[in-house]
Protein chains: 2
Amino acid sequence: MLSEDRYACLRLENQLCFPLYACAKEVVRRYKPILDELDITYTQYITMMALWEHRSLSLKDIGAMICLDSGTLTPLLKKLEEKGYVERSRDRDDERVLTVSVTEKGMDLRERALSVPGSVATCIPISPEEALILARILRRMMAEFSAQQQ
Amino acid sequence: MLSEDRYACLRLENQLCFPLYACAKEVVRRYKPILDELDITYTQYITMMALWEHRSLSLKDIGAMICLDSGTLTPLLKKLEEKGYVERSRDRDDERVLTVSVTEKGMDLRERALSVPGSVATCIPISPEEALILARILRRMMAEFSAQQQ
DNA sequence: TACTATTTAATTGTATGCAATCTAATTAAT
DNA sequence: ATTAATTAGATTGCATACAATTAAATAGTA
């Protein structure tokens, strides 16, 4: 027992990052059957969330908001365009910039998505009090991460 | 402003799941340069953690411990075998079962991994107090998720 | 025993994620 | 103005994730 002690830091049960990683996956899994009805994935859903709020954003701005780069967003936005929820076009003033805009159909999807947060909430086993604490800690951590980057 | 209120639940900033998702990714990203020196990925690292503790486990048991299925683990374990850290063999008593065992080289890796948790901790911007609270909430949530499943 | 159901991995297909590289457009510097 | 540096996306390659299906082995049952 004592001889194993030096490895305590490598035990799964002593990790903070592992439950974070596992919980995040589990939560996204809970979204799946709910988002299936809208024919979108979780990543597509948060992309639409960013767009619903701003109507039109560059790929770069979307990436900054939801922490994804062009390697993930380029194919994802093409799929959302195929589904008819967004339009992709080059900015007139700066041809490097890809402007992504929500279509009429994309805004209709917002109406159908209104019930999603409520449906998901019933599947996530956490009390409202703990949810608040969790959100506060995670948001603070994200803010610190952002401050680290530059 | 008031007319937008019904969409408040679809704002990114009002989500709990999004910071969870984003934080988990960010943390795994912090592991990368550290694990690169051991030539393993984060998923391979937690797989080895499970194996370091038990020396030998079935694929199913590993999956239960780190929340992954055979679709992810089968190719991952083959890679760990190629690297020489584990051995894969069929259980004599039950040929369906794949037994995964740590090799000598795999146990050597454990020594080299001893500094990983400390290195990662310096990159994760969270106070020890908040880390404890976070770990407690996430572990409780995982326990509840497990209880839901069956 | 023969048949059915269950269990365990492996396989297949789709969708991320992300580092690294590439290309084109724009900006800054000389 | 020309060259150099920067920026924004797209592309490539690798490694997950995971649902769904398949195949083989085992357990359960009539």
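Letters A, B, ... mirror the listed sequences (proteins, then strands); counts begin at 1. Not measured: the values here are computed from a predicted model.
- One interatomic measurement links the two molecules: CD1 of A:I40 to P of C:dT16, which rounds to 10 Å at whole-angstrom precision.
- Nucleotide C:dT16 holds its C1' atom 14 Å from the CZ atom of B:R29, rounded to whole Å.
- Classified by interplanar angle (parallel below 30°, tilted 30° to 60°, perpendicular above 60°), the ring pair A:Y45/A:Y31 is tilted.
- Checking the phosphate oxygens (OP1, OP2) of D:dA19, no side-chain nitrogen or oxygen of A:K32 falls inside 4.0 Å.
- Ionic pairing of B:E37 and B:K32 is not present here: no N-O contact between side-chain nitrogen and carboxylate oxygen is shorter than 4.0 angstrom.
- B:L35 places its CG atom 15 Å from the C1' atom of C:dC18, with the value rounded to the nearest Å.
- Taking atom CG of B:L68 as the reference point, atom P of D:dA19 lies 11 Å away to the nearest angstrom.
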When the side chains of residues 124-140 of chain B are checked against the rest of the protein, which donor-acceptor pairs come out under 3.5 Å, sequence neighbours left out?
unit_1	atom_1	unit_2	atom_2	d
B:S127	OG	B:E129	OE1	3.3
B:S127	OG	B:E130	N	3.1
B:E130	OE2	A:R140	NH1	2.9
B:R139	NH1	A:E13	O	3.1
B:R139	NH1	A:Q15	O	3.2
B:R140	NH1	A:E130	OE2	2.9

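- Rounded to whole angstrom, the span from the CG atom of B:D91 across to the C1' atom of C:dT7 amounts to 13 Å.
- Using a 4.0 Å cut-off, some side-chain N or O of A:Y21 falls inside it from OP1 or OP2 of D:dA17.
- The main-chain N or O of A:L12 is found under 3.5 Å from a side-chain atom of B:E53 such that the two form a donor-acceptor pair.
- As rounded to whole Å, 11 Å separates atom C1' of D:dC18 from atom CD of A:E26.
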What pairs of donor and acceptor atoms, side-chain ones from residues 72-81 of chain B against any protein atom, are under 3.5 angstrom apart with sequence neighbours left out?
unit_1	atom_1	unit_2	atom_2	d
B:T74	OG1	B:S70	O	3.0
B:E81	OE1	B:R88	NH1	3.2
B:E81	OE2	B:R88	N	3.0

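- Between the CG atom of A:D36 and the C1' atom of D:dA20 there is a distance of 13 Å, rounded to whole Å.
- Judged purely by atom type and a 3.5 angstrom limit, A:T103 uses its side chain to pair as donor or acceptor with the backbone of A:Y85.
- The CD1 atom of B:I62 sits 17 Å away from the C1' atom of D:dA17 (whole-angstrom rounding).
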Sequence-aligned protein contact record of nucleotides 8-15 of chain C, with B where the base is within under 4.0 Å of a protein heavy atom and S where only the sugar-phosphate is: SSBB---S
